[in-house]
Each structure stands twice: as structure tokens, then as C-alpha cells.
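Any value given below was found using the heavy atoms of this structure, including those in side chains, with hydrogens, waters and symmetry copies removed. Residues: numbered from 1 along the sequence shown. Worth saying up front: this structure is predicted, and the values here are computed from it rather than measured.
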Amino acid sequence: MAKAIPKIGSRKKARIGLRRNARFSLRKSARRITKGVIHVQASFNNTIITVTDPQGRVVFWSSAGTCGFKSSRKASPYAGQRTAVDAIRTVGLQRAEVMVKGAGSGRDAALRAIAKSGVRLSCIRDVTPMPHNGCRPPKKRRL
């Protein structure tokens, strides 16, 4: 029977040591663009705002979770508003199109915050996916 090779150190400790000594930033600085597309995804649990350039490459994104909200407060209108302000201020947009997806409560608040921020909106489009009698819905819940 072969003899087991003893472990000298765990990987976990090595990674922590590297992280402690190295300097790193949590986020890269966002590229500055003047024209772009703002995607607002408002679900019942969270609000995510993504800023892309006209070609569709992501420049910056922000969510209610990264803004410091936890659990059910992530889906609140105030969280949607704060998320939108955070995303736009970082990128510095001047003109934009807005694509809104989802039915969450942060959707309207995010739109209002975008309009108030001084960005000229060329169009606001609702891109919420709607089923055309495709998949069968799940059974009704019995309590």
C-alpha cells in the first residue's frame, strides 16, 4: 500500500495571505461615455441597472444589493432610485435610451430618477418578455 503524501498547507490560508498583501480595488473605474443605453431590470426581489454603450458593451452596472440594501428592501422603490442615481453619476451620461424590463416596484422610481438626473432620454422602451401561450404555467399552490 502506498504511503499518503502529507499536506503542507491549505490553499485557503495561502489565498488569504496573498489578498492581505496585495492592493486591489473592488471596482474598476468606469469608462466615461456621452451616449448610451440604460437597461433597468426590476424584479420582485431586486433592481439591477446596467449602462451600456450604443454597441451593447457593458460600461457600468449597479444593483440594489451593491448599494447596501438587504433582503426585501432591495425590491423597494427607494432602492431602485438610489441604484439609478449611482449608475448614472458614475458614468456621466448626457443622452440615453432606456430599456425597462420586469414588473418590480423599483421600475418607476428608477425611471423617475433617470429623468431627474439631467440625462436627455431619446426613448423609453418596455422590453418585458411576454409569453404568447408558450410554456405551460405551474400548478396552483395548495395551502
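Between Thr66 and Trp61, some side-chain heavy-atom pair lies under the 4.5 Å cut-off. Contact annotation: the side chain of Met99 never approaches that of Thr52 to less than 4.5 Å [non-hydrogen atoms, C-beta and beyond]. At a threshold of 4.5 Å between non-hydrogen side-chain atoms, the residues Leu93 and Ile33 count as touching. Side-chain contact between Pro54 and Glu97 is absent, with no heavy-atom pair separated by less than 4.5 Å. Looking at Val40 and Ile114, their side chains come closer than 4.5 Å, going by heavy atoms from C-beta outward.
The distance from atom OG1 of Thr34 to atom CD of Gln94, rounded to the nearest 0.5 Å, is 5.5 Å. How far NZ of Lys74 is from CZ of Phe44: 15.0 Å, rounded to the nearest 0.5 Å. One distance of note links CD1 of Ile48 with CD of Gln41; it measures 4.5 Å at 0.5 Å rounding. Taking CE from Met130 and NE2 from His132, the interatomic distance works out to 8.0 Å, rounded to the nearest 0.5 Å. In this structure, OG in Ser117 is found 11.0 Å from CZ in Arg89, a value given to the nearest 0.5 Å. Distance CG/Asp126 to NZ/Lys101: 10.5 Å, rounded to 0.5 Å.
Ser76 contributes no side-chain N or O that, together with a main-chain N or O of Ser105, makes up a donor-acceptor pair within less than 3.5 Å. Side-chain atoms of Thr128 come within 3.5 Å of backbone atoms of Gly102 as a donor-acceptor pair (strictly under, hydrogens ignored). Within the 3.5 Å criterion, the main-chain N or O of Val100 finds no donor-acceptor partner in the side chain of Arg125.
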| Is there a side-chain contact (heavy atoms from CB on, under 4.5 Å) between Phe69 and Thr47 once you walk through the steps? | CA-CA 11 Å; Phe69 294 95; Thr47 305; over 6 Å; no

| field | Check against side-chain contact (heavy atoms from CB on, under 4.5 Å), Tyr78 and Arg73 | value | CA-CA 8 Å; Tyr78 180 64; Arg73 285 182 289 162; over 6 Å; no

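Judged by distance alone, the side chains of Asn45 and Ser43 never bring a donor and an acceptor atom under 3.5 Å apart.
The two residues Cys67 and Asp86 have their closest heavy-atom pair at SG-OD2, 3.9 Å. Across every non-hydrogen atom of Ile49 and Ala87, the tightest pair is CG2-CB, 3.9 Å. Scanning all heavy atoms of the two residues, the minimum distance from Ala110 to Ala84 falls at O-CB, 3.8 Å. Heavy atoms only, all atoms of each residue included: Ile38 and Ala96 are closest at CD1-CB, 3.9 Å.
Linking ILVMFWY side-chain heavy atoms closer than 4.5 Å, directly or via other members, places Val37 and Val91 in two distinct hydrophobic clusters. Residues Ile88 and Leu121 fall within the same hydrophobic cluster, defined by Ile, Leu, Val, Met, Phe, Trp and Tyr side chains chained together at heavy-atom separations under 4.5 Å.
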